[in-house]
Amino acid sequence: ETWVLWFLIAACGLEISGSNMRILVVVRLMRLVRILRLAKLFRFMPELLIIIQSVGIAMRAISLVFVLVMMIIYMGAIGFRVLLENTPMGNERFETVTQAMGTLLLDCALSGTKGGPLIREAYQEHPIYSLIMFCFALLANVTMMGVVGGLLVQTIK
């Protein structure tokens, strides 16, 4: 590896000059040969190559879905920041828009509980807040999981 090579150069006290640079080129070519071994793997397992090509094709659409999810989270963060402004939950979790985005991303969109504890905490403030939080969690999760899953399945077809 590259970091091992630099460690050996420093440990042996070698100086890198024009003639010694040829050795580095040879080492880099050996790393390239190691990568080319993957081509053999793709020849023996063409299904793996099809999956990798499909993911490459779907990257544009998937990245656009992630941009859409981030826009939903941003709009939700602004809304919850204003809605919960002088409440204990707002002071703890939605004090700034950045903190609100982090809360919505980690506790609603990516959480395994799909925002359950956050919805219960919002219910303690007011039932309407929990309903709005539930709608946000539903929108963010359906957008992220459903659309990305559909895109991957459609691309593999």
*Asks:* What's the spacing between Ile72 CD1 and Cys108 SG if we round to 0.5 Å?
*Replies:*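 Here the interatomic distance stands at 12.5 Å.
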*Asks:* When you group the ILVMFWY residues by side-chain heavy-atom contacts below 4.5 Å and let the links chain together, are Leu131 and Phe136 in the same group?
*Replies:*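 Unlinked, Phe136 and Leu131 end up in two clusters.
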*Asks:* Is there a salt bridge (charged side-chain N to carboxylate O under 4.0 Å, His left out) between Arg81 and Glu95? Walk through the geometry before answering.
*Replies:* CA-CA 7 Å; Arg81 167 71 182 99; Glu95 195 167 8; over 6 Å; no
*Asks:* Out of curiosity, Met45 CE to Ile50 CD1, how far, rounded to the nearest 0.5 Å?
*Replies:*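 It comes to 12.0 Å.
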*Asks:* Let me confirm one number: the CG-CE distance from Leu105 to Met70, rounded to the nearest 0.5 Å.
*Replies:*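 The CG atom of Leu105 sits 6.0 Å away from the CE atom of Met70.
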*Asks:* Same hydrophobic cluster for Met101 and Met75, using side-chain heavy-atom links shorter than 4.5 Å among ILVMFWY?
*Replies:*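 Per the 4.5 Å side-chain linkage, Met101 and Met75 are not co-clustered.
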*Asks:* Should Tyr123 and Ile128 be counted in the same cluster of Ile, Leu, Val, Met, Phe, Trp and Tyr side chains packed under 4.5 Å apart?
*Replies:*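 No, Tyr123 and Ile128 fall in different hydrophobic clusters.
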*Asks:* Quick one, Thr87 and Phe94 - any side-chain contact, counting heavy atoms below 4.5 Å?
*Replies:*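 With C-beta onward as the side chain, the pair stays apart.
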*Asks:* Which heavy atom of Ala122 sits nearest to which heavy atom of Tyr129, and what is that distance?
*Replies:*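 Taking every non-hydrogen atom into account, O-CB, 3.8 Å.
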*Asks:* Checking Gln124 against Met89 for the side chain to side chain contact (heavy atoms under 4.5 Å, CB included) test, could you report, in this order, the C-alpha distance in whole Å, the side-chain angles of both residues, the deciding distance, and whether it holds?
*Replies:* CA-CA 9 Å; Gln124 297 299 322; Met89 182 181 179; over 6 Å; no
*Asks:* Atom CZ of Phe80 and atom CE of Met133: how far apart are they, to the nearest 0.5 Å?
*Replies:*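 Rounded to the nearest 0.5 Å, the CZ-CE separation comes to 4.0 Å.
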*Asks:* Check for a donor-acceptor pair, side chain of Glu125 on one end and backbone N or O of Ser130 on the other, with a separation under 3.5 Å.
*Replies:*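 No, Glu125 side chain to Ser130 backbone: no donor-acceptor pair under 3.5 Å.
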*Asks:* Give the cluster check for Ile78 versus Leu118: same hydrophobic cluster or not, with ILVMFWY residues linked at side-chain heavy-atom distances below 4.5 Å.
*Replies:*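 Yes, Ile78 and Leu118 fall within the same hydrophobic cluster.
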*Asks:* First locate atom CG of Leu84, then atom CD of Glu92, and finally report the distance between them rounded to the nearest 0.5 Å.
*Replies:*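 So the CG of Leu84 and the CD of Glu92 are separated by 11.5 Å.
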*Asks:* Let me check something: do Val65 and Tyr74 share a hydrophobic cluster, defined by ILVMFWY side-chain heavy atoms less than 4.5 Å apart, either directly or through other members?
*Replies:*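 Yes, Val65 connects to Tyr74 through the hydrophobic network.
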*Asks:* Between atom CG of Leu139 and atom CG of Leu68, what is the distance when rounded to the nearest 0.5 Å?
*Replies:*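 Interatomic distance, Leu139 CG to Leu68 CG, rounded to 0.5 Å: 8.0 Å.
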